[in-house]
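Only this structure's heavy atoms are used, side chains among them; waters, hydrogens and symmetry mates stay out.
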2 protein chains.
Amino acid sequence: MGKVPVFSSLSGQNLASVAALIRRREYPKGEILFAEGDRLDDLVIVNAGSVKAYTIAPDGREQILYVFSEGDFFGERNLFDGRTAPYTLQALEEVKTCAFSREDFRALIADHPDIALAVMEALQTRIARMENALRSIGVRSVDARVSALMLEFAEKYGKPVPEGVLIRLPLSREGMANYLGIARETVSRKLGQLEAEGVIRSISGKSLLILDREALRQSAGVLS
Amino acid sequence: MGKVPVFSSLSGQNLASVAALIRRREYPKGEILFAEGDRLDDLVIVNAGSVKAYTIAPDGREQILYVFSEGDFFGERNLFDGRTAPYTLQALEEVKTCAFSREDFRALIADHPDIALAVMEALQTRIARMENALRSIGVRSVDARVSALMLEFAEKYGKPVPEGVLIRLPLSREGMANYLGIARETVSRKLGQLEAEGVIRSISGKSLLILDREALRQSAGVLS
DNA sequence: CGTTTTTTTGAAAAGTATCAAGAGAAGTGG
DNA sequence: CCACTTCTCTTGATACTTTTCAAAAAAACG
């Protein structure tokens, strides 16, 4: 609880009173937490594991919008108007969450302006990330987008090892393709290319080692 | 002042006290309000006119991230960590703004939780729009993106007329290209195509008439 | 009205998607 | 522990779309 950034300003007594309001839940890998259009009155915080948020386009393709992991939250839209999930949320692995009702959360904000600021900050961070993504998709080539994704994963899921950064990929090749909005064959090809250049090394399909982070940064920056 | 959504919950006395804190400014067309990297300690609300927010990619291309118009605000990131403009803000036409200092705004939120909720809601709306944009860019074809842009402009800048919706375009063809992340020649071609199909009619280069909104919706939905 | 800028149009080049088949990994049951 | 099935990933060839380059046309500006 204390590690959730949104509540970092609370302490002692306050933290306890907040804890009384939450409802904890667990979901096994693959389970759908909420389907697009489901009623969703809560603000949900991810405590462990990771969750993908996606919609299905009319042509049947899956577009992944977010990969939420520890400390991230969703459902904040329900604090205002919407009361249905704008996308489907599915556990990529075993997931633990805690949830607040809309009313409890609004009351909490009225009593603790600090929390309001913290939520705004979190929303702001998300916007900043999306602005990056937009820049990325808008201007950058596909090569650059793949590099940017590797850097994103390195920050979120990477562990430093002597040779570089080791990543346990939260998404399959197909998942990455659906996240980037490109064909899965293209993901294979681009990753193969990066490996040929010595920038990354594939370990086991689901794990991957980044050898030359600087090269990724440069490639993600612009390049063709 | 009353028409700014963020302050819609205030009234009378409160509104007056807020008004005392703001600093008004005007900028002629083409002027740079803030350049990327400039110090920016304020939250700035656009009262009239429109402003484009863009960055220059390392390869020299301009990527437009937002077109802010009446009622929109920017600089909210400065309420927290950052204190520099993350992108360049330039007036697309004569613009009037009002600005709050970081400190005043934080104090205001502490006294008026309603404003905090309203700001969160505005941020939330922006996120929703960006999610749409991401879906759009990720899954949709270029045709669909152009259609989606026309719909966006129709909502924001359109006026109903007997034949359909008349739009005074805030961006040039090149501007639209930089917004969508495609080549300006492609924008020309796609708009020409839409006109040939009888979906839109070009009036004067800067104005445009939407004849068949439903066709745009369908095209923006998915299609090839 | 001439000059400059923006837009349109055409043709060739580059890149990604798609289709098809094969290779590899993971899971299942004997 | 080993087939066997299934799913995912890789690789190759072709087709389609957009970009790029070049030039003409149109619009904006003084």
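- Protein atom CD of Glu62(A) is 12 Å distant from nucleotide atom P of dT8(D), rounded to whole Å.
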Is there a side-chain hydrogen bond (donor to acceptor under 3.5 Å, both in side chains) between Ser219(A) and Ser147(A)? Walk through the geometry before answering.
CA-CA 6 Å; Ser219(A) 158; Ser147(A) 296; 2.7 Å; yes
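- Within residues 185-197 of chain B, the residues that have a heavy atom under 4.0 Å from DNA chain D are, in order of number, Glu185(B), Thr186(B), Arg189(B), Lys190(B).
- Here dT8(D) presents its C1' atom at 16 Å from CG of Leu208(A), a figure rounded to the nearest Å.
- Taking a 6.0 Å sphere around NZ of Lys156(A), one finds it holds more than 12 heavy atoms contributed by other residues, nucleotides or ligands.
- Here the P atom of nucleotide dA25(C) and the CD atom of Glu174(A) are 19 Å apart, to the nearest Å.
- Nucleotide dG15(C) holds its P atom 14 Å from the CZ atom of Arg145(A), rounded to whole Å.
- As rounded to whole Å, 11 Å separates atom P of dT10(D) from atom CZ of Arg184(A).
- Summary of the strand contacts: Val142(B) and Gly175(A) both lie near DNA chain D, and taking for each the nucleotide with the nearest heavy atom, the more 5' one is attributed to Gly175(A).
- Put simply, CD1 on Ile182(B) is 16 Å from C1' on dG15(C), counting in whole angstrom units.
- Atom CE in Met176(A) sits roughly 11 Å away from atom C1' in dC9(D) (whole-Å rounding).
- Relative to the side chain of Ala183(A), the nucleotides dT7(C), dA17(C), dT20(D) differ in distance, and dA17(C) lies closest.
- The distance between the ring centers of Phe68(B) and Phe74(B) falls below 6.0 angstrom.
- Distance, Arg61(B) CZ to dT20(D) C1': 11 Å, rounded to whole Å.
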Counting only pairs under 3.5 Å, give me each side-chain donor-acceptor contact of residues 192-207 of chain A, with atom names and distances, residues two or more places apart or in other chains.
unit_1: Gln193(A); atom_1: NE2; unit_2: Asp143(A); atom_2: OD2; d: 3.3
unit_1: Glu195(A); atom_1: OE2; unit_2: Ser202(A); atom_2: N; d: 3.0
unit_1: Arg201(A); atom_1: NH1; unit_2: Glu163(A); atom_2: OE2; d: 3.3

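- Screening Lys52(B), Glu174(B), Glu152(B), Glu62(B) for a side-chain hydrogen bond (donor to acceptor under 3.5 Å, both in side chains) involving Tyr179(B) leaves a single residue, Glu152(B).
- In this structure, Phe100(B) has its ring center closer than 6.0 angstrom to the ring center of Phe105(B).
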